[in-house]
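Just below is one structure, and these are the notes that go with it.
In what follows, every chain begins at residue 1, and chains take the letters A, B, ... in the order their sequences are listed.
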Number of protein chains: 2
Amino acid sequence: MPESSRLQRELHQRKPFRSLAHEATVGLARTADLSRRRFEAMLDPHGITASQYNVLRILRGAGQAGLPTLDVADRLVERAPGITRLLDRLEAKGLVRRERCGEDRRKVLCWATPRALRLLEALDAPVDATEAEVMAPLPDADRRELIRLLDRIRAGLGA
Amino acid sequence: MPESSRLQRELHQRKPFRSLAHEATVGLARTADLSRRRFEAMLDPHGITASQYNVLRILRGAGQAGLPTLDVADRLVERAPGITRLLDRLEAKGLVRRERCGEDRRKVLCWATPRALRLLEALDAPVDATEAEVMAPLPDADRRELIRLLDRIRAGLGA
DNA sequence: CATCAATAGTTGACTTGTCAAGTAATATCG
DNA sequence: CGATATTACTTGACAAGTCAACTATTGATG
């Protein structure tokens, strides 16, 4: 019989978890949620959301060539409608430039503006710090182990 | 130098991850996201969302006594406004009953209706199956290890 | 070449999550 | 006991994510 787990206490639960799979999936969801909140709290004073930050990172990675709207969505694992509106807001803030593509007029190419690149540069250190903060309790060996376990789960889910 | 990781390939990235902390936080977010989608796909035909399901589970756990609105929020780690409206929709679907509390008229007690309890019962097996599916790639020892690693991260984040 | 399917994106409607500000009821303190 | 603070929500406004349905191109086929 396992002892009362910490997650059980977090959830005010009396009964033990029904299975390891249950405890692991709940723990996964709650841990990711807490981590997400840390990142959002860090980004908040800079006036962008985590989703917007991720889009800008992707566009920085794409460089001069730019990236079509749906390619941004692919890299975020997000559906198309969300991306369109995310880009709408970033364009309104002057952080993204969009232009219909000449060769294939169905596509809309997107770029991070110079202002976005400056913002991203200013955010590199705080982002690194937040990642380090979230993973602070785990020594390197445990971080590798976590990465491995998560990789295997995603492989099973067909990622 | 580490080999090109599977997450790197998922993200179409050329460069290796900047740090173990970076790869682990990104892996955490993406894995939790994939898991969430599995659960939502499973719940969809039953006409409720994952958030609604979690609320109903909590109310089932509370039993006859019912639970005040904000206590539901606590157990979900959600902010108050979201809960109010989640309960609004569940009440509209006939899955939740709410009543202002007699002893402390600031509180609104919530209960799962008999219909909600029947729905939850029908969902127990599919939910178990989805948890098992998500964790299928991990043997028990790895599940325990994952639970332990996630616990330590949450402990560090002050959960 | 005309038609028809596939691709790239946008729009509308709805659920969720967040913050800020407001209301109603209870608790606290001089 | 009466002003004030605290608690428990509720409402409004907006960002985001989801699906279904629509437009505009482009590609593929007879």
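Note: CG (B:L109) to P (D:dC9) measures 8 Å, nearest angstrom. Rounded to a whole Å, the NZ atom of B:K107 is 13 Å from the C1' atom of C:dA27. One atom, CD1 of B:I83, and another, P of C:dT15, lie 16 Å apart when rounded to the nearest Å. Going from atom CG of B:D88 over to atom C1' of D:dT10 covers 9 Å, rounded to whole Å. The nearest whole Å value for the distance from the CZ atom in B:R36 to the P atom in C:dG17 is 10 Å. Atom C1' of nucleotide C:dT15 and atom CZ of B:R89 are separated by 5 Å, given to the nearest angstrom. Atoms CD (B:E40) and P (D:dC19) sit 9 Å apart, rounded to a whole Å. The interatomic distance linking B:R100 (CZ) with C:dA25 (C1') rounds to 9 Å, in whole Å.
Taking for each of B:R105 and A:L67 the nucleotide of DNA chain C with the nearest heavy atom, the 5'-most of the two is the partner of A:L67. DNA chain C is contacted by both B:D104 and B:A80; B:A80 maps to the nucleotide lying nearer its 5′ end (nearest heavy atom per residue).
Remark: B:S51 is in phosphate contact with C:dG17, judged by side-chain N or O atoms under 4.0 Å from OP1 or OP2. In this model, the phosphate group of C:dC19 is approached by a side-chain N or O of B:R79 to a distance below 4.0 Å at OP1 or OP2. B:T49 has no side-chain polar atom (N or O) that falls below the 4.0 Å cut-off from OP1 or OP2 of C:dT15. Taking side-chain N and O atoms only, A:R85 has no distance below 4.0 Å to OP1 or OP2 of C:dT10. Phosphate contact (OP1/OP2 of D:dT18, side-chain N/O of B:R37, threshold under 4.0 Å): present.
Here B:P81 lies in heavy-atom contact (under 4.0 Å) with a base. Residue contacts shown for B:T69 are limited to sugar-phosphate atoms, with no base heavy atom under 4.0 Å away.
Closest approach to the A:V108 side chain among D:dG17, C:dT10, D:dT26 is made by C:dT10 (side chain taken as heavy atoms from C-beta onward). Here the nucleotide nearest the side chain of B:L86, chosen from D:dA20, C:dT16, C:dG9, is C:dT16. Ranking C:dT10, D:dT25, C:dT18 by closeness to the A:R106 side chain, first place goes to D:dT25.
In this structure the side chain of A:K93 reaches within 4.5 angstrom of the side chain of A:Q52, judged on heavy atoms. Side-chain atoms of A:L119 and A:H46, non-hydrogen and from C-beta on, do get closer than 4.5 Å to each other.
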Hey, mind stepping through A:R97 and A:T113 against side-chain hydrogen bond (donor to acceptor under 3.5 Å, both in side chains) and telling me if it holds?
CA-CA 6 Å; A:R97 183 167 65 82; A:T113 64; over 6 Å; no

Residues A:D33, A:R36; criterion salt bridge (Lys or Arg N to Asp or Glu O under 4.0 Å); working and verdict
CA-CA 5 Å; A:D33 194 57; A:R36 183 183 54 79; 2.6 Å; yes

Checking A:D71 against A:K107 for the salt bridge (Lys or Arg N to Asp or Glu O under 4.0 Å) test, could you report, in this order, the C-alpha distance in whole Å, the side-chain angles of both residues, the deciding distance, and whether it holds?
CA-CA 10 Å; A:D71 289 24; A:K107 294 185 182 175; over 6 Å; no

